[in-house]
Amino acid sequence: MYLAPEGDELEIVNAASDFLVGTTPISRLHEAGCADLAPSAREAFGEMGWFALAVPEEQGGSGLSAVEHTLFFREAGRQCAPVDLLAQCLLANADLDSGLREDVIAGTAGAALLVPSGASWRLLGSSEARWALLVERTGGAVYSMDAIALQERPALDPTNSLHVAESLPQPMHVFEGPTVWQLGQLAVAAMLVGIAETALDLIVEYAKVRETFGRKIGSYQAVRHPCADMAVRTEAARSQLWYAATAAKEERADAQVHLDAAKHLANLAAMSNSDTSIQLHGGIGVTDEHDCHLLLKHAMTLSRLFGGKRDLLGRLLKAQVAD
Amino acid sequence: MDLHFSEADHEFRARARTWLKAHVPTDSRPAHGEASARFDRDWQRKLYEHGWAGVAWPKEYGGLGLSGLQQVIWYEELARAQAPHHINTTYVAMMHAGPTLITRGTEEQKAFHLPRILSGEALWCQGFSEPNAGSDLASLKTRGVVDGDVVVVTGSKMWTTDAQHADYQELLVRTDPQSERHKGLTWLICDMRLPGIDIKPIRTMMQDEHVNSVFYDEVRIPLSNVVGEVGGGWSTALATLSFERGLGFIGDQLELYERVNRVIDLAEQVEFEDGRRAIEDSAISQRLAAIKADAIAIRAMTLADIAETDRTGMPGPKGSMMKLLVTQTHKALSEVVGEILDWDFLEFNGDRSNNPWIYEYLWSWIFSISGGTSEIQREITADRVLGLPRAR
Ligand SMILES: Cc1cc2nc3c(=O)[nH]c(=O)nc-3n(C[C@H](O)[C@H](O)[C@H](O)COP(=O)(O)OP(=O)(O)OC[C@H]3O[C@@H](n4cnc5c(N)ncnc54)[C@H](O)[C@@H]3O)c2cc1C
């Protein structure tokens with residue numbers, strides 16, 4: 001029993017962090033035309049094998065597990081990495097024919113993510129993508145983007161462009177089983193934990209230097225105590241994320257319950273931490289040039305993916321965990 | 001990362017479960033008075049005689065020397081077997097007085113006290129807080145004057161839980177009258193039957209008398225009862241507090257999940273005026289599910305922390321965060337129960353077993369005030385986990 005990154009896992013964390021800071025740093029979101037994963041970046045991720053950490057070696061992946069996948073996406077969350085990164089990675093983990101999988105893993109063409117929204121669907125990611133991926137708890141479907149009629153919508157969250165599809169064509173491919181959903185839920189929960197951590201880090205750094213009335217704001221209890229509460233929420237969400245990732249890796253019978261709990265806690269931690277971080281920064285916190293609002297807006301996107309509050313709580317009420 | 005319990009852990013769980021099933025008392029614990037202390041002593045004696053006393057204590061001092069993880073297993077099995085709660089009159093002795101003696105006591109102190117604690121023969125209480133020294137413990141004023149081979153103690157302690165049942169006390173006094181704050185304090189083993197000690201109960205809002213004021217009028221305590229150095233009491237007291245804040249509450253952390261499930265069962269049964277069951281009310285069911293998710297995460301947090309401590313051999317600073325989350329969750333759960341039970345929630349005759357739900361609710365403030373208030377836990381987190389500039 002051990003529930004924190006160790007050994008080789010730590011190397012993945014460091015390598016992922018360096019790579020993401022180099023390729024999709026959060027600072028990119030302050031520039032025009034930043035939405036979605038650029039083809040050059042996608043190919044760079046592909047070359048390094050980041051889309052296929054959890055894909056078995058005989059299928060062209062690294063043969064690692066849900067745990068390394070989770071560690072990678074936590075670093076992605078810290079940079080508010082685009083959702084097409086997730087779509088590409090999930091597609092690489094779907095049960096596809098090998099020619100298609102090769103292209104996905106290499107990043108030679110892109111994937112975007114479809115999510116149900118009322119009677120229609122939303123698409124997150126580039127409209128230039130070749131594939132659109134729809135994932136449900138029990139399986140999923142892959143569509144050719146050429147066959148989908150899309151209307152563009154203005155996006156609050158600058159990480160991705162947003163489109164609506166009123167109908168979907170016949171899928172190119174369908175797959176069954178909970179694996180892709182679980183990897184999706186883990187990735188999104190991990191990105192939300194990364195956001196919660198970053199929101200806390202930003203305010204803790206600022207509270208150590210910003211002075212008012214001749215004192216550092218970090219010495220005021222009205223600042224210290226909400227920071228402590230943020231730390232508690234983060235710690236709870238992170239511990240549950242590690243537990244869920246490990247339960248998925250070990251294929252435990254109650255893994256899905258732990259995943260739902262992890263996603264719920266991550267939703268809460270990211271939303272409340274980015275909220276509090278803005279408030280405790282004062283005026284600078286609401287400016288466009290600051291990162292705080294980017295965290296909040298991306299948390300709002302991610303908290304709707306792979307289980308929103310109502311869905312998760314409805315399931316958790318009756319669910320049971322094992323020892 | 002991995003979630004595996006070792007073969008030895010599984011074997012331990014099976015053995016604990018079997019033994020508890022056969023030996024957990026069938027009669028319930030009396031709520032008050034001498035009878036409650038007798039019940040606790042009997043249970044402790046039974047644990048001792050069957051080799052289950054002192055799960056956290058090193059083997060050389062008669063304990064089981066279990067790893068943190070096996071202690072988790074033990075508390076989970078206690079909860080499953082509905083065994084007597086370990087936060088009872090043996091708590092101070094088992095959870096922090098004993099461990100303090102083990103790490104800081106003399107050979108004589110250990111040889112005399114440790115077996116008596118393990119067997120339930122000696123109960124202890126904690127005399128740290130005073131009327132004017134709670135959160136700010138280092139401002140305490142109870143005086144100890146070294147006179148030859150005794151320390152003469154005069155002053156008063158407050159909030160001393162179970163003083164009326166205790167045989168001994170962890171007593172923190174100021175032996176250097178010129179000293180301020182953390183300096184000049186001394187940690188003493190005080191025999192509660194010494195002349196000059198007067199115990200007055202403080203009635204709490206739960207209508208019970210578990211906490212006390214303790215007055216000392218020239219109480220003569222042998223110098224050989226000093227634990228650590230004369231004047232070095234703060235260091236010994238920090239050791240005591242670290243045991244108290246360490247694994248002392250794992251039982252509660254782990255039990256929370258069972259408790260949420262009991263409330264969900266309650267919500268399945270209770271019918272509102274409009275004929276719907278409480279569980280069908282989405283405001284109630286959503287809050288219960290959110291609390292359940294917190295309880296699941298609290299278990300993950302506990303396991304993560306304990307596995308880390310087992311590995312490094314040193315408890316980290318996360319205990320304060322744990323206490324904050326557990327106390328908040330505990331209170332939130334009681335608040336939902338209050339909505340489910342409506343007027344029934346308000347019936348209480350002062351006996352815990354008469355309405356455990358309201359008792360738990362009232363207890364939520366004891367939880368968030370004693371053992372360091374929630375505000376102090378936030379201060380500790382801000383200092384030690386986040387490294388923010390100090391408020392004081
Ligand atoms: C039921 C019960 C049992 C207890 N059992 C024992 C026992 O067996 N032995 C023992 O020694 N003690 C015991 N205590 C004492 C307990 O440890 C203290 O009550 C607690 O530490 C708070 O101290 P206080 O009551 O003096 O409150 P105060 O310290 O006066 O605090 C008053 C309020 O101010 C806040 N506050 C204080 N300082 C700060 C700060 N720096 N920053 C922000 N807020 C602050 C507190 O959080 C609190 O809300 C018990 C208490 C209770 C209620």
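Numbered from 1 within each chain, the chains take letters A, B, ... in sequence-line order. Fair warning: this is a prediction, and the values are worked out from it, not measured in the lab. All values below come from the heavy atoms of this structure, side chains included, with hydrogens, waters and symmetry mates left out.
- Between B/Asp383 and A/Arg224 there is a salt bridge, with a side-chain nitrogen of the basic residue lying less than 4.0 Å from a carboxylate oxygen of the acidic one.
- When only modelled atom types and interatomic distance are considered, B/Glu375 and A/Gln221 share no side-chain donor-acceptor pair under 3.5 Å.
- Using a 4.5 Å cut-off between heavy atoms, A/Lys249 contacts chain B through its side chain alone, with no backbone atom that close.
- Judged by distance alone, the side chain of B/Tyr257 and the main-chain N or O of A/Val321 form a donor-acceptor pair under 3.5 Å.
- A pairwise comparison of heavy atoms in A/Arg310 and B/Gln286 identifies CG-NE2, 3.3 Å as the closest pair.
- In this structure, the portions of A/Glu235 lying under 4.5 Å from any heavy atom of chain B include both its backbone and its side chain.
- With a threshold of 4.5 angstrom between heavy atoms, A/Val223 does not approach chain B through any atom at all.
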Start with the C-alpha gap between A/Gln320 and B/Asn261, add the side-chain angles, then the distance that decides, and say whether side-chain contact (heavy atoms from CB on, under 4.5 Å) holds.
CA-CA 9 Å; A/Gln320 294 299 334; B/Asn261 278 334; 3.3 Å; yes
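- Nearest approach of A/Ala236 to B/Leu325, heavy atoms of both residues: CB-CD2, 3.7 Å.
- Considering all non-hydrogen atoms of both residues, B/Ala297 and A/Gln240 come closest at CA-OE1, 3.4 Å.
- In terms of heavy atoms, B/Leu388 sits closest to A/Ala207 at CD2-CB, 3.8 Å.
- In terms of non-hydrogen atom pairs under 4.5 Å with chain A, the most contact-rich of B/Met322, B/Gln328, B/Arg287, B/Arg13 is B/Arg13.
- Once rounded to the nearest 0.5 Å, the distance linking CD of B/Glu308 with CE of A/Met1 reads 13.5 Å.
- Ion pairing between a basic and an acidic side chain is recognised when a charged N comes within 4.0 Å of a carboxylate O; A/Arg233 and B/Asp294 show such pairing.
- Of the two parts of A/His264, only the side chain, counted from C-beta on, holds a non-hydrogen atom closer than 4.5 Å to a non-hydrogen atom of chain B.
- The two atoms that bring A/Glu9 and B/Met1 nearest to each other are OE2-N, 2.7 Å, heavy atoms only.
- Annotation: the span from A/Leu317 atom CG to B/Ser282 atom OG amounts to 11.5 Å, rounded to 0.5 Å.
- Under the 3.5 Å distance criterion, the side-chain polar atoms of A/Glu250 are matched with a main-chain donor or acceptor of B/Leu3.
- Going from atom OG1 of A/Thr234 over to atom CE of B/Met321 covers 8.5 Å, rounded to the nearest 0.5 Å.
- For the residue pair A/Leu265 and B/Ala293, the shortest heavy atom distance occurs at CD1-O, 3.5 Å.
- Of the two parts of A/Lys216, only the side chain, counted from C-beta on, holds a non-hydrogen atom closer than 4.5 Å to a non-hydrogen atom of chain B.
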